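What follows is a single structure, written as structure tokens, with notes after it.
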2 protein chains.
Amino acid sequence: MVMKQSRTTLKDLAEDLNLSPSTISRALANHPAISDATKKKVQKKAEELGFIPNSIASSFRKKKSQSIGVIVPRIDIHFHSLVISGIEEFAYKTGYNVTIFQSKDSTTREKEIVKLLQNKMVEGVIICLAIETYDYDHFKKFKKLGVPLVFYDRVPSNYDTNKIVINDFESAFKATEHLIKRGCKRIAHIAGNQSTPIFKERLEGYKSAIRKHNLSFDEKLIIPCKSLSYEEGVQCAESFLKFSSIPDGIFCANDYTAVSVIQVFRKAGMRIPEDTAVVGFSNYPISRVIEPHLTTINDRAFQMGVEASKLLIRLIEDEKRTLKSETISLETELIVRESSMKD
Amino acid sequence: MVMKQSRTTLKDLAEDLNLSPSTISRALANHPAISDATKKKVQKKAEELGFIPNSIASSFRKKKSQSIGVIVPRIDIHFHSLVISGIEEFAYKTGYNVTIFQSKDSTTREKEIVKLLQNKMVEGVIICLAIETYDYDHFKKFKKLGVPLVFYDRVPSNYDTNKIVINDFESAFKATEHLIKRGCKRIAHIAGNQSTPIFKERLEGYKSAIRKHNLSFDEKLIIPCKSLSYEEGVQCAESFLKFSSIPDGIFCANDYTAVSVIQVFRKAGMRIPEDTAVVGFSNYPISRVIEPHLTTINDRAFQMGVEASKLLIRLIEDEKRTLKSETISLETELIVRESSMKD
DNA sequence: TATTTTTACGCAAACGTTTGCATTAGATTA
DNA sequence: TAATCTAATGCAAACGTTTGCGTAAAAATA
């Protein structure tokens, strides 16, 4: 007896059982036209010979790869790793695989990846745009190919597509209003890159809350950052400390800068939250470590991934492509911790 | 003229150019037997018709999917997201895709995933074992199928395979010795789950340093944890504080527990590092945020991913399967920060 | 019993690419 | 000029699965 080198195929099973490959295929797929007796037999034999269906052959024939692509700026940013986790979780339960790519925030690389993904490997793509991507032409091909897209977090503006976002305006408004209700009168804002819509929204939300509560608006209290890094936060904090009248509340567009503020302010002898209350954005793990613990916005990263996955798969399985573009806006939540607990 | 519904194929190009599909295929693959003139023509036409090779068909025919699978406990743990980032980075450059799965630290789910992955979707797999996986039978099939495996971090013991690890013993030794050199006489250790080899090694490294420097060894100073969570760290710290003679140095098996210790100790009025010096393990982002900044071990997560990727792809492309199992041990680095800066 | 329906399965093509083996025409050599 | 070689391309099979359609036998109906 010759040792079969390659793995067992439908054909092998068929020969062993004196059936045709098509019957085997249908039996394993639980096709109604196959008798229960045969199904049992096939199942047993398949088990016996350790049959593993060649999913590539299947994908090829069915023109369905059962996998989705994900393009993120970087995997090792906690927010994105949470989103990916949510994507994988739902996709796995639904029988889809998740293939990931990092754009490294480079539009060039994003375009490369997009090209790669157009070769039928994936049935849909979930994307968080690279920071410098303002032009969306490279995504148009997907529409032609009938491959659905879902964007999250950094989503295209003026481009009819599917998006999962949080309401940045509303969240920022909530955060700022919280500070106001805590008695802050002079609230600063460390803002993100204003060419990125989400940070623009956060700034607007801040402004809106200030206006609504008739606080005096001072342009100097807003400091825009490029990357909202820890280091940039330190610089902002130092600037604030030089003001003749130091802010008694600071709403930061992310948690990193909020942490910097707390640390720099404390070193300078300011009490948090008594002298200055601080609110961050994103609910990063550090927000529960920094002392005092940071009040922040839960941006629902994991759920964002789940929703993206859910929507994408719904679009993929909508064979007729009847679904219209959809934007899902997730509710955020203000998590109040000590950094804003004055009074 | 009828509008072609589906995407253009080699055949379409062939008909357009009065050539055979095989010539087109070879032309695009830059096969030497094809004249430069033809190659040019084909390239041009391909561009013109927006030809995208069907990579599934190609994978199917070549029996090469150009993709690797990664099984991690959870994506949203920073360590793993760094590793994945490293894996993706190298794989991308080499032309491989990365498909990720989360075992959620469940051996059952790990087995499910392993089964999934045996269907020729991936050419190799990188794995960090689920915490409760002590039996490796489910991986054996891969060897039969000629699919190479590379384990990292939590790797199998007594199982001949490829591994990327750090030298936990050496690292723990370094960390503990550092405390000793800083003048600590009574050094405690918050240990990880002792059924996990890496934590066992860390404990041994600690013990070895204690012995080498002739410090008196006290079993009570070692507290084993289950998950090394922040909360468990708090409990350990509280235990230490109850000792009649409180430790003047603590080596923690991870950064979370180290952070807990610092916070609990400070709240209790202890000075860090003057009264008690603290060293963590892993160089998590929080280690640079906690005050005082935490001395810790850089566990080279990103590089671990790169090495895993590099080794796996080397194994994949070693068609003859001549390579023997390999264990790569990465050098760690002690990052000294304020939490251990006494004297 | 003759006819129709149902049940259970087989046939064969198809998916798009790759590749070993022709094959042809032109170039080179004897 | 005949024989050999080389360069460039075509033929056709193959990869393993799925699926529309056909068909034989069994069951149901007339």
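Worth saying up front: this structure is predicted, and the values here are computed from it rather than measured. First the proteins, then the strands, lettered A, B, ... as listed; each starts at 1.
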Taking only the side-chain nitrogens and oxygens of [X], find out if one of them lies under 4.0 Å from OP1 or OP2 of [N].
X: B:S59; N: C:dT17; result: no
X: A:T9; N: D:dG16; result: no
X: B:S22; N: D:dC11; result: no
X: B:S25; N: C:dT18; result: yes
X: A:S58; N: D:dT17; result: no
X: B:K63; N: D:dG16; result: yes

Check: C:dG20 base within 3.5 Å donor-acceptor of B:R61 side chain: no
Toward the 5' end of DNA chain D, by each residue's nearest nucleotide, B:S20 or A:L10: B:S20
Between [N] ([atom2]) and [X] ([atom1]): distance, integer Å:
X: A:I56; N: D:dG16; atom1: CD1; atom2: P; result: 11 Å
X: A:H31; N: C:dG10; atom1: NE2; atom2: P; result: 14 Å
X: B:R26; N: D:dT9; atom1: CZ; atom2: C1'; result: 8 Å
X: B:N119; N: D:dC15; atom1: CG; atom2: P; result: 19 Å
X: A:K11; N: D:dC15; atom1: NZ; atom2: P; result: 6 Å
X: A:E15; N: C:dG10; atom1: CD; atom2: C1'; result: 15 Å
X: B:L13; N: C:dG16; atom1: CG; atom2: C1'; result: 12 Å
X: A:I52; N: D:dT17; atom1: CD1; atom2: P; result: 11 Å

Residues B:E112 and B:K115 bridged, charged N to O under 4.0 Å: no
Pairing of A:R109 and B:E88 as salt bridge, 4.0 angstrom limit: yes
Exam field: side chain A:D318 to backbone A:L323, donor-acceptor pair closer than 3.5 Å: yes
Under 3.5 Å donor-acceptor, A:R321 side chain and A:G146 backbone: yes
Identified side chain to side chain contact (heavy atoms under 4.5 Å, CB included) counterpart of A:V150 within the set A:I313, A:N162, A:V70: A:N162
Face-to-face contact A:F60 to C:dC15 six-ring, under 5.5 Å, under 30°: yes
Verdict with reasoning, B:F139 to B:Y159, per ring-ring contact (aromatic ring centres under 6.0 Å, His included): CA-CA 10 Å; B:F139 294 112; B:Y159 187 64; 7.0 Å; no
B:S35 side-chain proximity, nearest of C:dG10, D:dA8, C:dT17: D:dA8
For residues 21-29 of chain A, tabulate all N or O donor-acceptor pairs below 3.5 Å that involve a side-chain atom, not counting sequence neighbours.
residue	atom	partner	partner atom	Å
A:S22	OG	A:S20	OG	2.7
A:T23	OG1	A:S20	OG	3.2

Pairs where residues 52-62 of chain B contributes a residue and the test salt bridge (charged side-chain N to carboxylate O under 4.0 Å, His left out) is met, not counting sequence neighbours: none
Sugar-phosphate only, base, or nothing, as touched by B:N18 at under 4.0 Å among non-hydrogen atoms: sugar-phosphate
Net bend of the helix from C:dT1-D:dA30 to C:dA30-D:dT1, end axes of five pairs each, nearest 10 degrees: 50°
